[in-house]
Amino acid sequence: MVQLYNLHPFGSQQVVPCKLEPERFCGGGRDALFVAAGCKVEAFAVTGQELCQPRCSFSTLGRVLCLAYSEADVSNETLQLESDDFVICQKPMELLGEKSSQSGISVTLESTGLADEKTKYYHVQHLLYKRFAPDISSYVFSDDIKLHSLQLLPIYQTGSLTSGRKNLSQEKELLSLFCFFSLPHVGYLYMVVKSVELMSVYQYPEKSQQAVLTPQFLHVIASNNLQCFTVRCSAAAAREEDPYVDTTLKACPPVSMDVCALRIQLFIGLKAVCHFKNHLILLTKADPEAIPERRDSPKRLLSRKGASGKLKAPSVAEAGWNLYIVDTISPVQLYKEMVDYSNTYKTAKTQSCIHLLSEAHLLVRAALMDAHQLEPGEKAELLEAFKESCGHLGDCYSRLDTQHSHLALPYYKMSGLSMAEVLTRADWVLEDGSQKYERGLIFYINHSLYENLDEELSEELAAKVVHMFHAAEPKQLPHILCSPSMKNINPLTAMSYLSKLDTSGFSSILVTLTKAAMALKMGDLDMHRNEMKRHPEMKLVCGFILEPRLLIQQRKGHIVPTDLAAHLKDTQPGLLVASVLGLQKNNKIGIEEADSFFKVLCGKDEDIIPQLLVDLWEAQLIAGLPDVVLQELFYKLTSQYIWRLSKRQPPDTIPLRTSEDLINACSHYGLIYPWVNVLISSDSLADKSYTEDLSKLQSLLCGPSFDIASIIPFLEPLSEDSIAGLSVQVLCQTRLKEYEQCIDTLLERCPEAIIPYANHELKEENRTLWWKKLLPELCHRIKCGEKGQLYLSSLKETLSVVAVELELRDFLNVLPEDGTAAFFLPYLLYCSRKKSLT
């Protein structure tokens, strides 16, 4: 069904002063009109509103059969096959794309023999095969199923309508291609780029003679009128050009939307039409029977064989034909008329209003897609009309309660209107004085409040939004109140609406947390504490997962902790860390966002790590988050532990977990080796926080997951002169299996730890180091060392182990040649009796 709107797409018209009756005509260049009659071609200048002026004329070698204009280096070849023969028994058929090659009709390209012919660039592509059959029951004449007006219409890439991006290349990039052809009573428009699809079917009110397709309109001539139909070319091209169309970001009226007739304008005796920029060229010719006879008609006298050649030439009017130039009005002017026309449907809330506004929107889109012909001022005016049309469509869909009401969101986004402007222009009052908020408006506001638009509503508008959602979608009210855009809401107003909500079910946790946040905003700490006590901590964590904006918000691209988060930092830091960890587990916040959140919350510079962030990292290790890169997390923690130890800098808050807690809860924290405890027991000056950081670092190094080699370059700030530095150094060397170097270090720095170290580390394949490394080193250091008693006791322990491990002969071979026999005798006796004892 084609709907008719009585609009005015046509503007002024003028007569082309042709000397001969036109047979062929076409437009071309910037402002040229060519008219052919017989062997003569006349050229006219067509510029704006000025009269059509003759430019020149020239003669051809023969009668002009076809007249067409093409740009330099561009040629259009058309092969047209016509037949008056029909096979009545064949059914109508349509084959699309490559399937049309199965029609049985073959097309062969033949060379013209010209030297510059680029035949290698020519190829045949099958687009469409369509076979029509007459309706025998209605006695249709063959003329009624003759095809006419075959046309291909290209649309080129233009860039985004709203970004202002310009195509710097002079070459046009094909975006979409459309194919139109017509029967006398029906026309067909296909899109033929990636695939061949039927877009629109045009049913004419009377028999057509010719049609011409433009990006904005389809112009059809019948015998006595000019018809103007809308087209869907810009809707199809928009979807080819912009992948974000038909999402929550952008929208465009559908290609399947019914077309309409904008105007049917009377013209007597229309015979031919062509389109040229913003002009239609129309040829009218009255039938001979319709011309009244005159006594002195020059045309009748000239037709007689005996007529004299000296008679006066006929005038244009007397000849019964005219060639008209009809200007189409500017797209913006027609757009404004369509918008005004749509107001007649506005109060009825019908689809007619949306349909007409959609037509206006597509009209502006089509004009912008042909932007290379626009002046800068015209383009700016069109862009403004484009945004305005998006606002009008947003208004329409916001008032609807249908399956398409969600389109209010993308149209309002494309309009550039702020949320406050949309709320101000929204019509909420019904005829009976009551208020109703339709689904489209609710959908737009809800999504906008979720998207961090960096727009803060006034207290008045915020109160209206709360009232709106309490009436339409009360379950969304806690989420709405957590939006940064609702910052200016009066907390008393918010509390009054929250108190009216049904708090049964899981949503009661979210209502409780929202009340607690509002109570904090009101300064009522007692009410805040009472609300926080309503649920156990783990349920509160679930509430924060349901609505992360209770803790974390974004404004102008920056993370902003809420007042509630700042309060929890001081009063319930464990709940705060557990909640942020829960957000990470549920993909509500990223790793870098969480790090930034705690730095901003604790007021630290980018390079300073607050203890709460260290608590979060430790919690991440315990939780085993899948998205956390384990070694990167190890690096963060060890770097912080090392920095604090090197600076003897205590944490800014009390850590949530001790090293013992971490060892018991997390497999990545290993049991600290016994010899390490002996090593650090000599540092009596270390405070508790220092000892905790050292124990956590040592525990990580003793764990099974840590890549020791990766941490070596970062140990430099930790002085080897300190017990902490010594323990970390020996731990790393041990994990790297550099046992001999560790023995030297311990004998030099802490001999009392050497035997615990050897008992723990020198086992299995490393057991030989007892007699190959440790025993010779102890014997050597007793002679020249200052720690004789420590070395002596260590030597005795070593000899006890070696005497058990070696046979007597091997034991004798490892003893020093200059040793005192009496000292070694008890161990030799034990070794010799060992065999009999076993």
Side-chain angles (χ1 to χ4, degrees), residues 9 76 96-97 125 127-128 150-181 187-202 211-219 228-247 249-260 262 275 277-278 328 331-332 334-335 338 355 357-374 378-379 382-383 385-387 389-390 393 407 410-411 413-414:
N76 296 305
L96 304 178
Q125 181 178 354
L127 296 178
L128 169 69
L150 173 64
Q151 182 180 349
L152 290 177
L153 175 69
I155 290 183
Y156 298 96
Q157 189 86 25
T158 58
S160 172
L161 295 181
T162 54
S163 66
R165 176 167 57 90
K166 295 181 179 179
N167 186 4
L168 299 180
S169 173
Q170 296 298 320
E171 296 182 2
K172 294 181 180 180
E173 181 181 349
L174 183 66
L175 179 64
S176 296
L177 183 64
F178 303 93
C179 176
F180 174 82
F181 57 88
Y188 300 90
L189 179 60
Y190 287 81
M191 182 169 61
V192 293
V193 182
K194 296 178 181 177
S195 61
V196 180
E197 299 178 32
L198 177 63
M199 288 174 51
S200 303
V201 177
Y202 295 87
V212 59
L213 178 68
T214 75
Q216 292 93 356
F217 303 112
L218 173 69
H219 300 289
C228 178
F229 297 90
T230 58
V231 295
R232 300 289 168 259
C233 297
S234 60
R239 288 166 172 83
E240 293 289 331
E241 185 175 39
D242 194 338
Y244 292 103
V245 172
D246 298 325
T247 68
L249 297 176
K250 296 180 182 179
C252 180
V255 175
S256 58
M257 186 175 70
D258 290 340
V259 295
C260 67
L262 298 183
H275 177 260
K277 290 191 175 180
N278 62 326
T328 55
V332 172
L334 181 57
Y335 159 78
M338 296 170 86
H355 186 271
L357 287 173
S358 297
E359 294 287 9
H361 177 85
L362 291 177
L363 170 68
V364 176
R365 266 190 185 272
L368 284 168
M369 285 183 171
D370 202 17
H372 65 279
Q373 294 187 2
L374 298 174
E378 292 179 293
K379 186 172 183 180
L382 280 170
L383 285 172
F386 176 81
K387 291 182 179 180
S389 73
C390 292
L393 285 171
L407 292 174
Y411 278 119
K413 281 185 177 180
M414 294 161 64

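Here the structure is a predicted model, which means the values were calculated and not measured. Computed over heavy atoms, backbone and side chain alike; hydrogens, waters and symmetry mates excluded.
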Kindly compute the distance separating [atom1] ([X]) from [atom2] ([Y]), expressed to the nearest 0.5 Å.
X: R365; Y: C390; atom1: CZ; atom2: SG; answer: 7.0 Å
X: L362; Y: L357; atom1: CG; atom2: CG; answer: 11.0 Å
X: L150; Y: L213; atom1: CG; atom2: CG; answer: 11.0 Å
X: C179; Y: E197; atom1: SG; atom2: CD; answer: 13.5 Å
X: L175; Y: C233; atom1: CG; atom2: SG; answer: 11.5 Å
X: E359; Y: S389; atom1: CD; atom2: OG; answer: 12.5 Å

Sidechain-backbone polar pair: [X] side chain, [Y] backbone, donor-acceptor under 3.5 Å:
X: H355; Y: D258; answer: yes
X: Y202; Y: T230; answer: yes
X: R239; Y: C252; answer: yes

Just wondering, do [Y] and [X] contact through their side chains at under 4.5 Å, heavy atoms?
X: L262; Y: L334; result: yes
X: L218; Y: L189; result: no
X: V231; Y: M199; result: no
X: Y190; Y: Y188; result: yes
X: P410; Y: T247; result: no
X: V364; Y: P331; result: no
X: F178; Y: L152; result: no

State, to 0.1 Å, how close [X] and [Y] come at their nearest heavy-atom pair, and which atoms those are.
X: A251; Y: M414; result: N-SD, 3.1 Å
X: S200; Y: R232; result: OG-CG, 3.8 Å
X: Y335; Y: A360; result: CD1-CB, 3.6 Å
X: P215; Y: I155; result: CB-CD1, 4.5 Å
X: M191; Y: A236; result: SD-CB, 3.5 Å

Do E240 and S176 have a side chain donor and acceptor closer than 3.5 Å?
-> no

Run the numbers on T214 and L153 for side-chain contact (heavy atoms from CB on, under 4.5 Å), then give the verdict.
-> CA-CA 7 Å; T214 75; L153 175 69; 5.8 Å; no

Worked verdict on K250 versus K413 for side-chain contact (heavy atoms from CB on, under 4.5 Å) | CA-CA 7 Å; K250 296 180 182 179; K413 281 185 177 180; over 6 Å; no

Kindly state whether the ring of F386 and the ring of H361 have centres lying under 6.0 angstrom apart.
-> yes

Could you check F181 against L128 for side-chain contact (heavy atoms from CB on, under 4.5 Å), going step by step and ending with a plain yes or no?
-> CA-CA 11 Å; F181 57 88; L128 169 69; 3.3 Å; yes

